[in-house]
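Just so it is clear, the model here is predicted, and its values are computed rather than measured. These values consider heavy atoms only, across backbone and side chains, with no hydrogens, waters or symmetry-generated copies.
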Amino acid sequence: MSRPDLPGSQCPEAEPGSALRRPDLARPVLLDVQEVTRLYGPGKGCEAVDFRLHVGEVLGIVGESGSGKSTLLRVLAGLEAPDAGRVVYHRPGDSLETDLYAIGEARRRALLRLEWGLVHQNPRDGLRMGVSAGANVGERLMALGQRHYGRLRAAGQDWMTQVELDPARIDDAPRTFSGGMQQRLQIARTLVTRPRLVFMDEPTGGLDVSVQARLLDMLRTLVRQLGLSMVLVTHDLAVARLLAHRLLVMRRGRVVEAGLTDQILDDPQHAYTQLLVSSVLTP
Ligand SMILES: Nc1ncnc2c1ncn2[C@@H]1O[C@H](COP(=O)(O)OP(=O)(O)OP(=O)(O)O)[C@@H](O)[C@H]1O
C-alpha cells in the first residue's frame, strides 16, 4: 500500500458501501496515520499501519479475531501510545495539526471528550450505568459547557428518539434496558455532541442477529444523515459492506489489502481477503 493515498482514493466516483453517499476524497484529511506500530509480540498488535481518513469518510478495519483491529483502534483513539509512528489529527477549518502522542494526556483526553466520540463493543464500557438515560446523553453536552436543564433534557429526549428509544424512558437507568437498547443509548451519548470523528469497535457485536440488523439499519441512517467521519472496527463483513466507504484488511497486525469496500469484497486480491470473503459466503 502506498502513501499518501490508499488504493481507491483515486476513484471517488466509485460507489462504496451500498446506499451510502460516495466518499468525497477531495475533502480535507482528518486523520493522518503514519507507520503506526504497537506490538505485544511478533504479529500481535498492529505494525506499520499507514493511511489517511478524509472528512465524511467511513473507514472499516476488518480481519479475523486477533488480527490487531482493536489494538489499532485504541492507538488511533488516543487510548494507547504506539511504539512507533504518528497519529496526526487535522481539525477541520483549522490549519493546526495535532500530533496525538506529542500532546499531553490531559489534552488527549479532552480531545476525546470534546471533539471525538468512541463507541465500545460493550455498552457498559461507554455508559454510566448508575445515572439515568437522559443524564448519560446530557453529560457529554455539559462537558461542552451547556448548563440549561430544559435544553439538556430536550436534547436527551430528541436523541433517544433518533436512536429509536422511547423518550418517556429518559429517567430510567440504562441497566433496565436490553443490550440492544443500551447500545443505542451509547450511540446517542456519543453523537449528541456531533463529534468530528467517531471510533466504533464492533458496535453490533454481542447482540442477537435481529437486534443487530435493526441497529445496523439505524447506524446506516445516522451515518448518512450526519455525514459522520468514522473509523469502524468489525469482524463482520456485512457490517463493513453496509457502513464503510473503504476498508483496511488486517492479518497478524499488518494491513494486507486496502481499498474501496465493494472492490475489496467483490474482487479481493490478497489470498487472505479471498479466504475471509469466501468463509462468509460458504456456510
Ligand atoms: N494488552 C495486551 N497485552 C498483551 N497482548 C495483547 C494485548 N491486547 C491485545 N493483545 C494481543 O494482540 C493481538 C491482537 O489483539 P486485538 O484485540 O487487537 O485483535 P482484534 O483483531 O481486535 O481481535 P478481536 O476481534 O478478537 O477483538 C492478540 O494476539 C491479542 O492477544
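- Note: Leu222 CG to Arg220 CZ = 12.0 Å, rounded to the nearest 0.5 Å.
- Evaluation of the side chain to side chain donor-acceptor pair (under 3.5 Å) rule for Ser70 yields Asp201 as partners, not counting sequence neighbours.
- When hydrophobic residues (I, L, V, M, F, W, Y) are linked wherever their side-chain heavy atoms come within less than 4.5 Å, Ile103 remains an isolated member.
- Note that CG of Asn122 and CD of Gln186 are 8.0 Å apart. Values are rounded to the nearest 0.5 Å.
- Between the side chain of Thr261 and the backbone N or O of His245, at least one donor-acceptor pair lies under 3.5 Å.
- Arg254 meets the side chain to side chain donor-acceptor pair (under 3.5 Å) test with Glu47; sequence neighbours excluded.
- For Thr176, the side chain to side chain donor-acceptor pair (under 3.5 Å) test picks out Arg169, with sequence neighbours left out.
- When all heavy atoms of Gly68 and Cys46 are compared, the pair lying nearest together is O-CB, 4.3 Å.
- The main-chain N or O of Leu39 is found under 3.5 Å from a side-chain atom of Asp83 such that the two form a donor-acceptor pair.
- Applying the ring-ring contact (aromatic ring centres under 6.0 Å, His included) test to every pair with at least one member in residues 63-92, sequence neighbours left out, gives these pairs: Tyr89-Trp116.
- Remark: the backbone N or O of Pro123 is not paired with any side-chain donor or acceptor of His120 at under 3.5 angstrom.
- Note that CG of Leu53 and CG of Leu59 are 6.0 Å apart. Values are rounded to the nearest 0.5 Å.
- Within the structure, salt bridge (charged side-chain N to carboxylate O under 4.0 Å, His left out) pairs that include any residue of residues 173-184 comprise Glu164-Arg184 (at least two apart or interchain).
- Residues Gly259 and Ile264 share a closest heavy-atom pair of N-CD1, 3.3 Å.
- With rounding to the nearest 0.5 angstrom, the CZ atom of Arg27 is 7.5 Å from the OG atom of Ser229.
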Give the intermediate values and the outcome of side-chain contact (heavy atoms from CB on, under 4.5 Å) for residues Gln183 and Leu215. CA-CA 8 Å; Gln183 192 57 298; Leu215 187 70; 3.6 Å; yes
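- Among residue pairs with one or both ends in residues 206-215, none qualify as side-chain hydrogen bond (donor to acceptor under 3.5 Å, both in side chains); sequence neighbours excluded.
- Not a single salt bridge (Lys or Arg N to Asp or Glu O under 4.0 Å) links Arg252 to another residue, sequence neighbours left out.
- Taking a cutoff of 4.0 Å between a charged side-chain nitrogen and a carboxylate oxygen, Asp266 and Arg241 qualify as a salt bridge.
- Counted by atom type alone, Glu202 and His235 present one or more donor-acceptor pairs between their side chains at under 3.5 Å.
- Counting heavy atoms from C-beta on, the side chains of Leu100 and Val88 never come closer than 4.5 Å.
- Between atom NE2 of residue His148 and atom CG of residue Leu141 there is a gap of 13.5 Å, rounded to the nearest 0.5 Å.
- In this structure, the side chain of Glu57 engages the main chain of His54 through a donor-acceptor pair within 3.5 Å.
- Applying the salt bridge (charged side-chain N to carboxylate O under 4.0 Å, His left out) test to every pair with at least one member in residues 120-136, sequence neighbours left out, gives these pairs: Arg128-Glu139.
- Side-chain polar atoms of Arg140 and Thr193 form a donor-acceptor pair below 3.5 angstrom.
- Counting heavy atoms from C-beta outward, Leu232 and Phe199 have side chains that stay 4.5 Å or more apart.
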Between Val75 and Tyr101, is the side-chain contact (heavy atoms from CB on, under 4.5 Å) condition met? List the steps. CA-CA 9 Å; Val75 173; Tyr101 292 97; 4.2 Å; yes
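- Across Ile61 and Val231, no two heavy atoms sit closer than the pair CD1-CG1, 3.6 Å.
- Side-chain N or O atoms of Thr190 include none that pairs as donor or acceptor with a backbone N or O of Val119 at under 3.5 Å.
- No donor-acceptor distance shorter than 3.5 angstrom exists from the side chain of Glu80 to the backbone of Gly78, with no hydrogens or angles considered.
- The main-chain N or O of Glu257 is never found under 3.5 Å from a side-chain atom of Tyr272 such that the two would form a donor-acceptor pair.
- A distance-only check finds no donor-acceptor pair linking the side chain of Thr273 to the backbone of Pro268 [under 3.5 Å].
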Give the intermediate values and the outcome of side-chain contact (heavy atoms from CB on, under 4.5 Å) for residues Met142 and Leu152. CA-CA 8 Å; Met142 287 177 75; Leu152 288 170; 3.6 Å; yes
Is there a side-chain contact (heavy atoms from CB on, under 4.5 Å) between Met218 and Val163 once you walk through the steps? CA-CA 7 Å; Met218 184 206 82; Val163 297; 3.7 Å; yes
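- Glu97 pairs by the side chain to side chain donor-acceptor pair (under 3.5 Å) definition with nothing, not counting sequence neighbours.
- Within the 4.5 Å cutoff, side-chain heavy atoms of Leu118 are placed close to those of Leu79.
- Leu114 belongs to a hydrophobic cluster whose other members, connected by ILVMFWY side-chain contacts under 4.5 Å either directly or through intermediates, are Leu144.
- Here Ser279 contributes atom OG and Leu237 contributes atom CG; the two are 7.0 Å apart, rounded to the nearest 0.5 Å.
- Among all heavy-atom pairs drawn from Leu265 and Val277, the shortest one is O-CG1, 3.6 Å.
- Note on residues 251-270: no pairs pass ring-ring contact (aromatic ring centres under 6.0 Å, His included), not counting sequence neighbours.
- Using a 4.5 Å heavy-atom threshold, the side chains of Leu127 and Gln182 count as touching.
- A salt bridge links Arg153 and Asp171; the closest N-O separation between the charged side-chain nitrogens and carboxylate oxygens is under 4.0 Å.
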